[in-house]
Amino acid sequence: MANPEQSIPVVAAENLRKCYGSFVAVNDISFNVGRGELFGILGPNGAGKTSTIRMIYGFSPLSGGSLTVFGKNVTTDWRSIRARLGVCHQDNNLDTEMSVRQNLEVFGTFFGIPAPVARKRATDLLEFFGLAHREKARVGELSGGLMRRLVLARALINEPELLILDEPTTGLDPQSRQQLWEQLARLKKRGVTILLTTHYMEEAAQLCDRLIIIDRGRILVEGRPRDLVGEYVGNQVIESSPVCEGLREFVKARKLDHEDLGHRLLIYCKNDEALYREITGQYCQDNCILRMGTLEDVFLKLTGRELRE
Amino acid sequence: MNPASFSLTWRCLRVWKRDWLVNRQSWHISFLVPLLEPILYVAAFGVGFRALIPELQYRGETVSYVMFMAPALIATSIMYNAFFENTYSSFVRMYYQKTYDAIMATPLSVEEIITGEILWGATKSLLAATVMLVVLSLFGLIRYPDSLGILPLAFLGGLCFGSIGMAFTGVVKNIDMFNLPIFLLLTPMFLFSGTFFPIDTLPGWAQAVAWTLPLTHLVALARVMTFGVLTWQDALISGGYLLALTAVCFPLALMAMRRRLIK
Ligand SMILES: Nc1ncnc2c1ncn2[C@@H]1O[C@H](COP(=O)(O)OP(=O)(O)OP(=O)(O)O)[C@@H](O)[C@H]1O
Ligand SMILES: [Mg+2]
């Protein structure tokens with residue numbers, strides 16, 4: 001289908017800003033999310049991820065900049081935009097006064113979906129998320145993992161073109177997380193555009209086509225996970241813990257790209273097996289490993305290591 | 001708005017429908033109170049009080065004390081139902097369940113959500129009044145068809161007290177703070193709005209104060225509908241008062257909730 005919307009970004013933010021009083025939570029950030037893309041927003045606690053998302057679905061008024069979703073202005077066209085997107089909030093704001101199935105069906109009526117259609121979709125979603133056997137359960141009886149899945153299922157009741165997920169896997173066990181990743185992959189295959197925030201770097205590395213890392217309301221980097229790892233930490237990391245004697249001096253003398261964490265020393269390198277052999281030969285017999293660089297290395301290197309909030 | 005501007009459409013009925021659905025699941029509990037309450041009061045005041053106050057004069061009519069009190073019972077129940085629904089229940093949905101946050105990701109505005117909730121509060125008042133009307137009819141305390149006017153009155157009263165409640169919900173810090181308007185507003189109204197004794201037995205200044213209370217007008221209207229004659233003065237003054245107060249408090253409630261919910 002020749003659709004003029006195909007070419008415009010699903011989300012386009014330009015110098016987007018959000019202030020709470022005099023505090024600037026989102027500080028002039030710009031990014032685009034393309035159709036069918038899985039886009040990640042990463043950042044430490046309080047970085048401004050949720051604030052950004054709240055503006056995208058027309059919940060928070062912008063304090064500055066411009067923001068369009070599906071090419072429409074969020075401030076004026078919020079109603080038609082919301083009809084086409086699904087939001088999975090950071091906290092499980094399910095309706096505890098209703099059953100699992102009712103949570104889906106009633107949410108459908110908020111979108112104006114006719115009851116028989118909502119019923120059919122609820123059945124499909126319960127199946128898709130492995131909730132069918134609990135459809136009559138009260139929300140309060142569900143485990144954290146099932147609740148999370150229900151929140152996600154609910155976000156899909158209107159068959160959204162854009163799915164916004166604010167930390168969808170926080171609090172899930174590894175099995176549930178893996179399963180959720182699979183489900184996201186299936187949705188992506190169907191052409192759903194997905195915007196995701198997460199604190200799990202492995203998750204972001206696996207899922208995201210592209211991502212931004214933000215801190216204190218500003219974008220630090222933008223790119224594909226693999227490219228970012230290559231660019232900022234090299235694909236390999238030599239890690240020594242506890243730090244071997246003489247290694248610090250060696251690293252300084254050689255001017256190697258490294259980070260000293262006191263009890264741990266990280267040396268970022270690009271396919272340098274020789275360096276690793278040299279270090280293990282001269283300084284560290286044990287306590288030293290060569291591993292792949294990860295997105296977590298990038299994240300910590302860029303956002304620093306002190307605690308937030 | 002949501003962000004920019006006020007937006008209120010018929011979509012508010014979707015929220016009303018949600019509340020209706022949830023309530024239907026526990027209808028027996030919601031019906032128990034309006035069912036039993038009038039029976040208890042009639043037993044206490046009809047039997048227990050009969051020796052003390054055999055009958056009294058109200059607007060030139062001689063009525064028994066239970067008859068005098070019955071419409072006031074309906075009126076206070078109209079007040080409490082809507083007020084409690086749009087304070088405690090709405091607060092739980094807003095603050096603890098974050099139901100409103102969830103709904104605000106759908107094509108509904110804050111105004112529509114809150115209006116749906118207030119309409120639901122008024123519906124609860126209407127349902128309670130209906131049940132009580134039926135029960136009191138069984139005791140022969142209700143005169144038809146005039147008393148049917150209590151049904152639209154219940155809805156209007158519900159809108160009024162629901163809006164007042166919702167305005168408080170928009171500003172209280174925590175759920176315990178509702179004790180304040182209940183102690184300072186609702187309880188005095190319950191006692192002094194001509195509910196248990198005619199207002200004209202009060203000193204002049206107290207009468208003047210009583211007539212500023214919305215429940216006084218609700219009681220007065222309910223009373224003339226059950227055994228008096230509804231005059232155009234009643235309709236104009238008391239009806240007008242309730243309408244005007246609703247017209248003021250409803251937008252106040254919307255504004256308070258907007259301020260609270262939109263961040
Ligand atoms: N309603 C609000 N009023 C005042 N400050 C707020 C409000 N909401 C968020 N903030 C502040 O704005 C900053 C960004 O918050 P935000 O929730 O966007 O962070 P986040 O990146 O989602 O963090 P987390 O990973 O912890 O969820 C924080 O410092 C937070 O305290
Ligand atoms: Mg957040």
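On a predicted model such as this, the values are computed, not experimentally measured, just so you know. All chains are named by letter (A, B, ...) in the order of the sequence lines, taking the proteins before the strands, and each is independently numbered beginning at 1. Just the heavy atoms: all of them, side chains too, but no hydrogens, waters or symmetry mates, feed the values below.
In plain terms, the two heavy atoms of B:Ala105 and A:His89 that are nearest each other are CB-CE1, 3.9 Å. Shortest non-hydrogen contact noted between A:Thr109 and B:Lys17 is CG2-NZ, 4.4 Å. Across all non-hydrogen atoms, the minimal contact from A:Phe107 to B:Ala102 is CZ-O, 3.4 Å. In terms of heavy-atom proximity, A:Phe111 sits nearest to B:Pro107 at CD2-CD, 3.3 Å. Summarising the geometry of B:Leu108 relative to A:Phe110, their closest heavy-atom pair is CD1-CD2, 3.7 Å, with the distance given to 0.1 Å. Pairing each heavy atom of A:Gln102 with each of B:Leu21, the nearest pair is NE2-CD2, 3.7 Å.
Counting heavy-atom neighbours within 6.0 Å of A:Glu127 CD, excluding the residue itself, gives a total of 12 or less. For CZ of B:Phe190, the number of neighbouring non-hydrogen atoms (other residues, nucleotides, ligands) closer than 6.0 Å is greater than 12. Annotation: A:Arg138, atom CZ; neighbour count of heavy atoms from other residues, nucleotides and ligands within 6.0 Å is above 12. The environment of CD in A:Glu14 is sparse: at most 12 heavy-atom neighbours from other residues, nucleotides or ligands sit within 6.0 Å.
Residue A:Asp91 touches chain B through its side chain alone, counting heavy-atom pairs closer than 4.5 Å. Neither the backbone nor the side chain of A:Ile164 comes within less than 4.5 Å of any heavy atom in chain B.
In this structure a side-chain-to-backbone donor-acceptor pair under 3.5 Å is present from A:Ser60 to B:Lys263. Using modelled atom types, one side-chain atom of A:Arg82 and one backbone atom of B:Met104 make a donor-acceptor pair closer than 3.5 Å.
B:Gln97 is listed as a side-chain neighbour of A:Glu97, based on a closest heavy-atom distance under 4.5 Å.
Ion pairing between a basic and an acidic side chain is recognised when a charged N comes within 4.0 Å of a carboxylate O; B:Glu112 and A:Arg79 show such pairing. In summary, A:Asp95 and B:Arg18 engage in a salt bridge, as defined by a charged side-chain N under 4.0 Å from a carboxylate O.
Between chain A and the options B:Ile103, B:Thr99, B:Val15, the largest number of non-hydrogen pairs under 4.5 Å is found for B:Ile103. Each of A:Thr96, A:Val106, A:Val87 has some count of heavy-atom pairs under 4.5 Å with chain B, and the biggest count is that of A:Thr96.
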Please output the side-chain donor-acceptor pairs of residues 151-158 of chain B that fall under 3.5 Å, not counting sequence neighbours, one pair per line with the distance.
none

